[in-house]
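Data block below; observations after.
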Amino acid sequence: MATREPQPDDIIEPILNTSKWWFLGATTAIGVILLWLVAWGWQLQNGLIVTGLGDWGSGGGVTWGLYIGAFIWWIGVAHGGIILSAAVRLFGMDKYQPVARVAELLTLTALTMAGMYIVMHTGRPDRMVTSVIGAYPWTVTSSPLVWDLTVITLYFVLTATYISLTLRYDIVRLRHKLPDYLAPLYAAITLGYTKKEDEIIERMVWWLALGIIILAPLLLHGGVIPWLFALLPSMPKWQGAVQGPQFLSIALTSAIGGVIIISHGLRWAYDWDHILTDEVFKGLTKWLGLFSLLYIWLQLQQLINGLYAAPLDLRKVTEATITNPIYVDMLILMTIVLGYIFASSLSDRVFSRRRSVVISFMALYATLSEKILFVFEGLEYPTFSLYHAVPGHYTPSPVEIASIFGTVSLCFLLFLVILKLFPVIELHAVENHDDHDDGHDEEVSA
């Protein structure tokens, strides 16, 4: 139980002090990233043939596989994260304010990882310049794939603006305690700051949060991405209005799991039990349970529609799904997740922060594996199969699997770097609003 009050000095400790665990984590992450880059270099040298992608037919492969599945998953993590943060601000959920910026930073890093998968899946990164960007002016009017890239870019800009606005308040008030070697960075972020803008920024952030809450289900993980799949009429697995809510439930489940894991790491590393309290973790765990339950319910809806009095093509792909070990493992893991959360809701003695972290890992693995399966099985069982007599099925290659470990490590490394630059917990979450530092405020306004 926390016995001390949160102080502003607590949230800047990661910037001022670097422990051996930070160096160990950074070294490990860099090592994994280098191994992934070696694997990716092998792909660049030999082409997508080393992954089984782009070899549809004689090789038994598919055109979309782990890369696109992981891309969707990272996008889901990103949008679930910014929805969580927006909800905290929009609905005054002050209890979760200590994790609001963590969720925002998770959004930025996850969007970056999703962008990496677009580059990897093109086979040749130069195609982003020669084909994708160059053709944007006319493809944006007709291609759902380009709409996808557009709304992702929009979300990145919204999130970056969102964070930069709230950082100005924190950096100005903590500047005298922050290291001088970062002065140019802080000066750029707080350029033109006056105390009078605080109220204006608060309103701007509120409206940004409202926009994000509205745009997420309508345009991206509840809209454009599932619609992108549903527009392919010969793929029965991807049809149905349930795809929008299903994608959104996966996004929120994955994001809350990620926030729980990151918050646990921060609490352990910096002794922040008085900031990231057990009550915060209990609340996040219950929200994880709610969205996990919604996710499983929507999965069952799809299974029922695909097995009971379904067209032959839909029944075939549904039967393939429920007999796939990946899908069975996903259902088992999510059952464990829901079982623990239900039990911990009935009795506080069952709850454990470490158990919540373990089931968060389970939920993340389950949603990732389901999304990968959703992509490649949707392609392997079309209504009109051009390669019905061709043996073989797609299996993620070592190169693709290495990308999962590499992007997760890169996301982790980015968080470690951010820890050395900015407070990852907002000043509002630890300051006493009834006892403002008036002297410092006068200095700022001057």
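Listed for the T112 side chain is a donor-acceptor partner under 3.5 Å among the backbone atoms of L108. When atom types are taken as modelled, the side chain of R267 and the backbone of H274 share no donor-acceptor pair closer than 3.5 angstrom. With hydrogens and angles ignored, the 3.5 Å screen pairs no side-chain donor or acceptor of S347 with any backbone N or O of A343. A side-chain donor-acceptor contact under 3.5 Å links T107 to the backbone of A103. Not a single donor-acceptor pair under 3.5 Å links the side chain of R353 to the backbone N or O of H264. Of the possible polar contacts, one joining the D10 side chain to the Q7 backbone as a donor-acceptor pair under 3.5 Å is found.
Nearest heavy atoms, A70 versus I404: CB-CD1, 3.8 Å. Taking both residues in full, the closest heavy atoms of L66 and S403 are given as CD2-OG, 3.7 Å, listed atom of the first, atom of the second, then distance. Residues Y96 and V280 share a closest heavy-atom pair of CE2-O, 3.9 Å. Across all non-hydrogen atoms, the minimal contact from S292 to V337 is OG-CG1, 4.0 Å. Among all heavy-atom pairs drawn from E426 and A100, the shortest one is OE2-CB, 3.9 Å. Minimum heavy-atom separation, A86 to Y162: CA-OH, 3.4 Å.
E104 has a carboxylate O that lies under 4.0 Å from a charged side-chain N of R89, or vice versa, which qualifies the two as a salt bridge. Contact check on E13 versus K177 returns no salt bridge, with no Lys/Arg side-chain nitrogen under 4.0 Å from an Asp/Glu carboxylate oxygen. A salt bridge does not link D170 with R175: none of the charged nitrogens is closer than 4.0 Å to a carboxylate oxygen.
Side-chain contact, D180 with Y186: no donor N or O sits under 3.5 Å from an acceptor N or O. For the residue pair Q246 / Q302, a side-chain donor-acceptor distance below 3.5 Å is found, with atom types taken as modelled. No hydrogens or angles considered: nothing links the side chains of E400 and T51 as a donor-acceptor pair under 3.5 Å.
Remark: Y67 OH to T407 OG1 distance equals 10.0 Å, nearest 0.5 Å. Note that the CG atom of L48 and the CE atom of M120 stand 11.0 Å from one another [nearest 0.5 Å]. Rounding to the nearest 0.5 Å gives a distance of 10.0 Å between OG of S164 and CZ of F422. Atom CD1 of I336 and atom CD1 of I341 lie 12.0 Å apart (nearest 0.5 Å). For the atom pair I11 CD1 and R101 CZ, the distance stands at 7.5 Å (nearest 0.5 Å). For the atom pair CG of L178 and CG of L421, the computed distance is 10.5 Å after rounding to the nearest 0.5 Å.
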T277 vs D273, test: side-chain contact (heavy atoms from CB on, under 4.5 Å). Steps then yes/no.
CA-CA 5 Å; T277 63; D273 58 302; over 6 Å; no
Would you check, one step at a time, whether the test side-chain hydrogen bond (donor to acceptor under 3.5 Å, both in side chains) holds for T18 with K420?
CA-CA 8 Å; T18 307; K420 305 304 297 179; 2.4 Å; yes
Go through the steps for L410 and F415 under the test side-chain contact (heavy atoms from CB on, under 4.5 Å), then give the verdict.
CA-CA 9 Å; L410 181 55; F415 256 95; over 6 Å; no
Decide side-chain contact (heavy atoms from CB on, under 4.5 Å) for M204 and I200; before the verdict, give the C-alpha distance in whole Å, the side-chain angles of both, and the deciding distance to 0.1 Å.
CA-CA 6 Å; M204 290 175 64; I200 298 173; 4.0 Å; yes
Mind running side-chain contact (heavy atoms from CB on, under 4.5 Å) on I260 and V99 for me, showing each step along the way?
CA-CA 9 Å; I260 289 174; V99 300; over 6 Å; no
Walk me through whether S369 and Y327 qualify under side-chain hydrogen bond (donor to acceptor under 3.5 Å, both in side chains).
CA-CA 8 Å; S369 59; Y327 194 79; over 6 Å; no
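Between L158 and I82 the shortest side-chain heavy-atom distance does not fall below 4.5 Å. In this structure, the side chains of Y169 and I201 stay at 4.5 Å or more apart for every pair of heavy atoms. Between P14 and V424 the shortest side-chain heavy-atom distance does not fall below 4.5 Å. Taking 4.5 Å as the limit, some side-chain heavy atom of V205 sits within range of a side-chain heavy atom of T166. At a threshold of 4.5 Å between non-hydrogen side-chain atoms, the residues M362 and Y365 do not count as touching. With a 4.5 Å cut-off on side-chain heavy atoms, V259 and S360 do not count as touching. Side-chain contact between L373 and F376 is present, with at least one heavy-atom pair separated by less than 4.5 Å. V50 has its side chain out of reach of S397: every pair of non-hydrogen atoms, C-beta onward, lies at least 4.5 Å apart.
Applying the 6.0 Å contact sphere to CZ of F361 captures no more than 12 heavy atoms from other residues, nucleotides or ligands. Counting heavy-atom neighbours within 6.0 Å of W206 CH2, excluding the residue itself, gives a total above 12. Enclosure of atom CD in E197 by more than 12 non-hydrogen atoms of other residues, nucleotides or ligands within 6.0 angstrom is indicated. A 6.0 Å sphere centred on NZ of K282 holds more than 12 heavy atoms belonging to other residues, nucleotides or ligands.
Screening W73, Y155, W74 against H79 for a ring pair (Phe, Tyr, Trp, His ring centres under 6.0 Å) leaves a single residue, Y155.
Aromatic rings of F229 and F374 (six-membered ring for Trp) have centroids within the 6.0 Å cut-off, being under it. Taking the six-membered ring for Trp and the full ring otherwise, the centers of H121 and F71 sit at least 6.0 Å from each other.
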Pairs under 3.5 angstrom only: tabulate donor-acceptor contacts from the side chains of residues 251-258 to other protein residues two or more places apart or in another chain.
residue : atom : partner : partner atom : Å
T253    : OG1  : S249    : O            : 2.8
T253    : OG1  : F291    : O            : 3.2
S254    : OG   : I250    : O            : 2.8
S254    : OG   : T367    : OG1          : 3.0

Which donor-acceptor pairs under 3.5 Å do side chains of residues 27-42 form with protein atoms, sequence neighbours excluded?
residue : atom : partner : partner atom : Å
T27     : OG1  : F23     : O            : 2.7
T28     : OG1  : L24     : O            : 2.8

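Listed by chain and residue number, L338 satisfy the side-chain contact (heavy atoms from CB on, under 4.5 Å) test with L293 (two or more places apart in sequence, or in another chain).
A cation-pi arrangement is present between K371 and F247, with the terminal nitrogen or guanidinium carbon under 6.0 Å from the aromatic centre and inside a 45° cone about the axis.
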